[in-house]
Novice: 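Below you'll find the structure I mean.
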There are 2 protein chains.
Amino acid sequence: MLIIDRHQQILEILKRERSAGVTRLARELFASEPTIRRDLAYLEEQGYLKRVYGGAVIGGAPDREIPYNVRAEEQGDAKTIIARKAAKYLHKGAVIFLDGSSTAAHMVEPLKELEDILVVTSGAKTALALAENGIRVISTGGQMITRSFTYVGSHAEACIRSMRADLVFFSCRGLSDDGEMTDISIEEINLRRTMLERAHTKILLCDSSKFGKQYM
Amino acid sequence: MLIIDRHQQILEILKRERSAGVTRLARELFASEPTIRRDLAYLEEQGYLKRVYGGAVIGGAPDREIPYNVRAEEQGDAKTIIARKAAKYLHKGAVIFLDGSSTAAHMVEPLKELEDILVVTSGAKTALALAENGIRVISTGGQMITRSFTYVGSHAEACIRSMRADLVFFSCRGLSDDGEMTDISIEEINLRRTMLERAHTKILLCDSSKFGKQYM
DNA sequence: AGAAAAACGAACAAAAACGAACAAATATTT
DNA sequence: AAATATTTGTTCGTTTTTGTTCGTTTTTCT
């Protein structure tokens with residue numbers, strides 16, 4: 001049996017039953033336990049499952065609430081993968097700016113793992129998802145943009161300006177061919193600019209669908 | 001059976017029956033009593049249940065804080081009726097302060113009917129609900145209180161202080177017999193005080209369950 | 001109130017699961 | 001065909017979880 005087939009079967013069992021033990025998987029898939037463990041370790045790294053003692057569960061710990069704006073989408077899509085890669089830059093005790101983009105919302109999952117972090121975000125849904133997962137969060141507040149459920153305006157900017165962050169994770173609507181970031185509204189651009197000014201390390205979260213699109 | 005599955009099953013039994021004994025759980029889940037005790041101790045630490053002699057109950061003691069989502073369901077009808085009554089004071093073009101209480105969240109429904117209003121709120125879920133219904137909304141921002149999903153702190157207060165409202169709708173945890181409002185945290189009290197200072201008309205949303213309860 | 005029964009926590013030993021290292025088997029490249 | 005790389009299974013020491021056995025505390029029954 002091909003590795004990829006075994007991986008697929010593990011995921012199918014997990015989707016069906018929400019959890020599975022190493023011993024059972026080993027018997028059922030005719031592989032040794034260490035092999036199953038290696039499979040599970042790999043699949044966890046890719047974000048498909050969560051390892052627990054004795055086996056694995058799908059979609060993070062079942063006793064934790066899953067953020068509603070992330071939950072809707074398939075595990076392992078581009079944004080989840082990007083978020084997991086970006087999470088490598090995180091460290092304990094960090095102060096983090098997150099913009100209101102849906103890509104940034106996917107950072108909630110990896111952020112859960114860290115201790116003693118503080119997240120400042122302009123995303124209304126992101127702020128809620130963070131709080132629901134027990135992460136310390138400050139919302140910028142400000143005028144709500146109904147289209148994207150993000151906050152902008154002078155109040156939001158004043159909030160960012162009064163702080164300093166170790167990291168900022170941000171996104172944009174489009175990335176033109178010569179590498180310029182573009183977006184829809186001037187307010188969102190202004191807020192992002194402020195975030196970038198006040199953060200030490202800047203990380204752009206961007207998938208290929210953004211390439212070659214030009215807005216403002 | 002995986003540890004995490006056993007935890008899940010304990011929680012499901014508890015949700016269904018409100019309480020369960022250690023001996024019964026041990027028999028039903030094929031585990032020894034000390035194991036069940038360790039599970040219950042862990043789940044209590046995580047805030048999912050309250051340990052009592054002989055077993056555990058869900059939700060915690062009545063004098064302790066009730067989680068937001070539970071509180072939202074209780075007294076649901078009363079709050080809707082209150083909101084409808086309070087809506088009589090609204091008028092077109094008004095600027096309105098809303099606190100983060102679950103009672104205030106019920107104002108979203110009547111607010112939908114009005115044109116050209118602006119709502120300033122410290123409730124994270126309230127802000128989202130308003131935006132989803134096409135109401136112009138400004139969030140105070142600030143530190144998120146995980147328990148109630150409301151914003152407090154200097155940012156939130158500064159936001160309120162920079163504005164003036166025609167109306168403020170607010171609530172409290174308890175109303176002592178001599179008519180004094182009490183609440184859990186000093187931050188929430190401070191923010192409410194600021195809202196009251198900056199609003200012309202003040203409307204307290206309160207049902208009978210608050211009477212005679214005293215907090216801070 | 002006092003005795004019996006039940007539940008408790010702590011300590012300890014058995015069992016299960018784990019990770020790491022290594023060797024065998026299988027694929028892939030040269 | 002030989003060399004190399006990858007995957008897999010085995011072994012072993014370690015960690016985690018679990019069940020058992022105490023003595024102690026709490027509840028219940030008389």
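Keep in mind the model is a prediction, meaning the values are calculated, not measured. So you know, we letter chains A, B, ... as the sequences are listed, proteins then strands, and number each from 1.
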Novice: Taking 4.0 Å as the cut-off, does a side-chain nitrogen or oxygen of B:Thr35 come that near to OP1 or OP2 on D:dG19?
Specialist: yes
Novice: Atom CZ of A:Arg6 and atom P of D:dT7: how far apart are they, to the nearest Å?
Specialist: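 In whole Å, D:dT7 P and A:Arg6 CZ are 10 Å from each other.
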Novice: In whole angstrom, give the distance that lies between atom OH of A:Tyr53 and atom P of C:dA15.
Specialist: 15 Å
Novice: Without decimals, in angstroms, what is the distance between B:Arg37 CZ and D:dT25 P?
Specialist: 16 Å
Novice: Provide, to the nearest angstrom, the distance between the CD1 atom belonging to A:Ile36 and the C1' atom belonging to C:dA16.
Specialist: 17 Å
Novice: For the residue pair A:His155 and B:His155, does the interplanar ring angle fall in the parallel (under 30°), tilted (30 to 60°) or perpendicular (over 60°) class?
Specialist: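 Rings of A:His155 and B:His155: perpendicular, as their planes differ by over 60°.
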Novice: Nearest whole angstrom, please: distance from the P of C:dA17 to the CG of A:Asp39.
Specialist: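 The answer, rounded to whole Å, is 17 Å.
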Novice: Within the modelled atom types, does a donor on one side and an acceptor on the other bring the side chain of B:Arg38 and the base of C:dG9 under 3.5 Å apart?
Specialist: no
Novice: Is A:Arg136 salt-bridged to A:Asp116, going by a charged N under 4.0 Å from an acidic O?
Specialist: yes
Novice: Centre-to-centre under 6.0 Å for A:His7 and A:Tyr42, is that the case here?
Specialist: yes
Novice: How many whole angstroms separate atom CZ of A:Arg51 from atom P of D:dT15?
Specialist: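 Whole-Å distance recorded here is 18 Å.
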Novice: Just to confirm, is there a sub-4.0 Å distance from OP1 or OP2 of D:dT8 to any side-chain nitrogen or oxygen of A:Ser32?
Specialist: no
Novice: Look through every strand shown and name the nucleotide pairing with D:dA3 as Watson-Crick or G-U wobble, where both distances are under 3.5 Å.
Specialist: C:dT28
Novice: Classify A:Gly21 by what it touches in the nucleic acid, base, sugar-phosphate, or nothing, heavy-atom distance under 4.0 Å.
Specialist: nothing
Novice: In whole angstrom, give the distance that lies between atom CG of B:Leu25 and atom C1' of D:dT18.
Specialist: 17 Å
Novice: To the nearest Å, give me how far apart OH (A:Tyr42) and C1' (D:dT7) are.
Specialist: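 So the two atoms are 14 Å apart, to the nearest Å.
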Novice: Going by an N to O cut-off under 4.0 Å, is there a salt bridge joining A:Lys79 and A:Glu109?
Specialist: no
Novice: Is it true that A:Glu17 and A:Arg24 have a side-chain N and a carboxylate O under 4.0 angstrom from each other?
Specialist: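 A salt bridge links A:Glu17 with A:Arg24.
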Novice: Where the side chain of A:Thr23 is defined as all heavy atoms beyond and including C-beta, which of C:dA17, C:dC8, C:dC18 is the nearest nucleotide?
Specialist: C:dA17
